[in-house]
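For reference, the structure discussed in these notes is given below.
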Amino acid sequence: MDIIFLSEVKVQTHLGVPDWERLTAQTIILDIEIAMPDNSSCQTDAISDTIDYGVVVSRIRETLAERSFKLVEALAEHICQLIMQEFGAPWVKLRVAKPGILPGLKALGVVIERGHK
């Protein structure tokens, strides 16, 4: 299985349980692993035979600019479903980190996997 990885993707979004926390956009950090439907791009060297990670990042940024979430878990689920449905990925692993939100804590977040490897 071929997997594309995107490391430390910084995205602005409105996220948090209290209303005041969602008033201002905050930076979250995403680590994404995306399984390829097949490995044909290895033979063809054609962008049309792979998942264009630039387009994936643009779509994530676009959707997170349009929506707000209370829970990191709901945000993570939304991103995984977007990648699988819009880009045909059979499996996605996503780590969402919300840095500097609690004193004495570098970051908090979730790691989820969806689909089948």
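These numbers come from the heavy atoms of this one structure, side chains and all, not from hydrogens, waters or symmetry mates.
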Given side chains that start at C-beta, do those of [X] and [Y] come closer than 4.5 Å, heavy atoms only?
X      : Y     : result
Ile83  : Ile79 : yes
Ile112 : Lys93 : no
Ile51  : Pro37 : yes

Contact summary for Val92 and Cys80, nearest pair of heavy atoms: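 In this case the closest contact between Val92 and Cys80 is CG1-SG, 3.8 Å.
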Shortest non-hydrogen separation from Glu8 to Asp31 and the atoms involved: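 Taking every non-hydrogen atom into account, N-OD1, 2.6 Å.
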Approximate separation, where rounding is to 0.5 Å, of Arg22 CZ and Thr13 OG1: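 Going from CZ on Arg22 over to OG1 on Thr13, the span is 10.5 Å.
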Distance, nearest 0.5 Å, that separates CD1 of Ile60 from CD1 of Ile28: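 Reported value, rounded in 0.5 Å steps: 9.0 Å.
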Qualifying residue for side chain to side chain contact (heavy atoms under 4.5 Å, CB included) with Lys98, from Val110, Leu105, Thr27, Val72: Val72
Treating [X] as the side-chain partner and [Y] as the backbone partner, does any N or O pair qualify as donor plus acceptor under 3.5 Å?
X     : Y     : value
Thr44 : Ala46 : yes
Gln26 : Leu15 : yes
Asp49 : Ser40 : no

Residues Glu21, Lys70: salt bridge by 4.0 Å N-O rule: no
